[in-house]
Amino acid sequence: MNAKLTTVAPQSSAPSFYEAAQKIYPREVRGRFATKRRWTVVVLLGLFYGVAWISWNGQQLLLFDLPARKFHVFGLTLWPQDFVYLALLLIIAALSLFFVTALAGRVFCGYACPQTVWTEVFLWIEHWTEGTRSQRQKLDQRAWNLEKVLRKSSKQLLWLSLAFYTGFTFVGYFMPIRSIGAGLVQLSLGPWAVFWILLYSLATYGNAGYLREQVCKYMCPYARFQSAMFDKDTLVISYDELRGEPRGARRRGAPPAKNQGDCIDCTLCVQVCPTGIDIRKGLQYECIACAACIDACDDVMDKVGSARGLIRYTTEHAMSGNRTRVARPRLFVYGALLSFATGIIAYSLLTRTPLILDVIRDRNALYREVRGDWVENAYSIKVINEDEKAHHYRLQAAGIAQLELVTPAGLIDVPPGSVANVPVRLQAPAASAQGVHPITLRITAQDAPSIVRTEKTRFIGPQ
Ligand code: SF4
Ligand code: SF4
């Protein structure tokens, strides 16, 4: 059989699989959930911009001081050795997110996610400078004139200022904010600080000003896996199709015609949606549960004289006429894990000793003969005072008969949040120190006897 080769001419009108993103102009919305969202934004941003400036005992309240390798967290100073606390805090944050998502869906996305919060503020600025949704659409279509230049440039100026202050505040959680503030004023800030401030400013400006819903749709991993935490009893925002369909226009105050649903197809729920979706098509992963469509639709229902709640917070079970169960196995599992992790961190923080003792034996010599029939071992110890106060520590050694601490002779003074490297010499009679002996070094704060640390090491004598 002869195979016949044919060539296919390239098609000039090949379909494109790329769909350019359409700019979304979310309509302003008022209502109970919009008010809640506004207050949440104000409180969260107030905390973000404000906490960085609060000091406690002369120390910034929340500072992840990377250059000094010390984390100051609400009066606690955590060192790299305390990394377990940060790991536990991250685990608690993740479990809280799982718990809240299983219970109430994507409320975090709709109200508290940084992307939502900053986008909301950038939208407020856009509204103040460029006007309502239709005014913004017209402005974008209009040719450049003085008004357009003034409106656009004032928006950009406010966006850039807020983005820069956000970048500055963010870096202020990693370097003392007052010192970077002074450095900015005196134009003496180091290149790395400038780099990070500009990077985070750019990220804020780009994400909240331009990328907006695309971050939620294409970049956020949480949007992809949150459905795994959903079940039929999870609170979601839904359109009541049974009540709303078939949709159709009707006069204000007039009841729906026979066989007509409550939805008047005004598309306001789509116009207010920050991700540009139509909730009437069912639950979609792009929905961030901001409830703007609920407010818009409730307003419409008030105007046409129908009951509110055509779009509402509900569950899949409730929509299908079944009972919603709040207490479910997955909530108990998340709740138990969350309580366990919180209990561990609370217990370990309450019983934490703000002192670390590291002991390194001098490896250059096994032992030294001193005072005729005595032998000496040398060590170097590191005393880390993790407390917010200075302490005077006494070192003691035990483990061999007549073991003597030669140096340090007195107390070891360590300022708050500091490290002292101290050479230590121990001596013991050669007769009782033959071979290798486990010994214990114990250090106690003289002004706070509950602050104690012990470390085991070895004392080597003649064989
Ligand atoms: S806002 Fe309400 S009435 Fe208007 S289109 Fe949306 S669901 Fe229908
Ligand atoms: S569908 Fe409604 S709740 Fe979901 S993102 Fe759009 S406006 Fe917000």
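Whatever order the structure lists them in is the order used to number ligands and atoms, beginning at 1. Along the sequence shown, residues are numbered consecutively beginning with 1. No experiment lies behind these values; they were computed from the predicted model shown.
Counting atoms of ligand 1 from 1 in the listed order, those under 4.0 Å from a heavy atom of M301 are 3 (S). Taking a cut-off of under 4.0 Å to the non-hydrogen atoms of A289, the atoms of ligand 2 that pass are 3 (S), 4 (Fe). Short contacts between ligand 1 and C297, defined as distances under 4.0 Å to a heavy atom of the residue, involve ligand atoms 1 (S), 2 (Fe), 7 (S). Interface atoms of ligand 1 facing C263, defined by a heavy-atom separation under 4.0 Å, are 3 (S), 5 (S), 7 (S), 8 (Fe). Proximity to R280 (heavy-atom distance under 4.0 Å) selects the following atoms of ligand 1: 5 (S), 7 (S). Of all the atoms in ligand 1, the ones that sit under 4.0 Å from a non-hydrogen atom of C269 are 1 (S), 5 (S), 6 (Fe), 7 (S).
Protein heavy atom in closest approach to atom 2 (Fe) of ligand 2: C293 SG, 2.3 Å. Protein heavy atom in closest approach to atom 4 (Fe) of ligand 2: C287 SG, 2.3 Å. Nearest protein neighbour of atom 3 (S) of ligand 1, counting heavy atoms only, is I264 N, 3.5 Å. With hydrogens left out, the protein atom closest to atom 8 (Fe) of ligand 2 is C290 SG, 2.3 Å, a heavy atom. In terms of protein heavy atoms, atom 5 (S) of ligand 2 is closest to I288 N, 3.4 Å. Distance from atom 6 (Fe) of ligand 2 to its nearest protein heavy atom, with residue and atom name: C273 SG, 2.3 Å.
Proximity of D265 to ligand 1, defined as any heavy-atom pair under 4.0 Å, is confined to the backbone N, CA, C and O atoms. When heavy-atom distances to ligand 1 are checked against a 4.0 Å cut-off, V270 has no atom that comes that close, whether in backbone or side chain. Of the heavy atoms in I277, only side-chain atoms (C-beta onward) come closer than 4.0 Å to ligand 2.
For the residue pair Y313/S238, the side-chain donor-acceptor check at 3.5 Å is not satisfied. Judged by distance alone, the side chains of D278 and Y239 never bring a donor and an acceptor atom under 3.5 Å apart. If you check the side chains of H391 and D447, you find a donor sitting under 3.5 Å from an acceptor.
When atom types are taken as modelled, the side chain of R328 and the backbone of A102 share a donor-acceptor pair closer than 3.5 angstrom. T116 places no side-chain N or O within donor-acceptor distance of the main-chain N or O of A112, the cut-off being under 3.5 Å. Counting only distance, with no hydrogens or angles, the side chain of R106 and the backbone of Y285 share a donor-acceptor pair below 3.5 Å.
Taking the six-membered ring where the residue is Trp, the centroids of Y173 and F64 are separated by 6.0 Å or more.
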Original post:
Could you walk me through whether T353 and V452 pass the side-chain contact (heavy atoms from CB on, under 4.5 Å) check?
Top reply: CA-CA 7 Å; T353 304; V452 182; 5.9 Å; no
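F98 and Y334 have tilted rings, their planes meeting at an angle from 30° to 60° on a 0 to 90° scale. Ring geometry, F170 versus Y200: the interplanar angle falls from 30° to 60°, so the pair is classed tilted.
For I237, the closest heavy-atom approach to ligand 2 falls below 4.0 Å.
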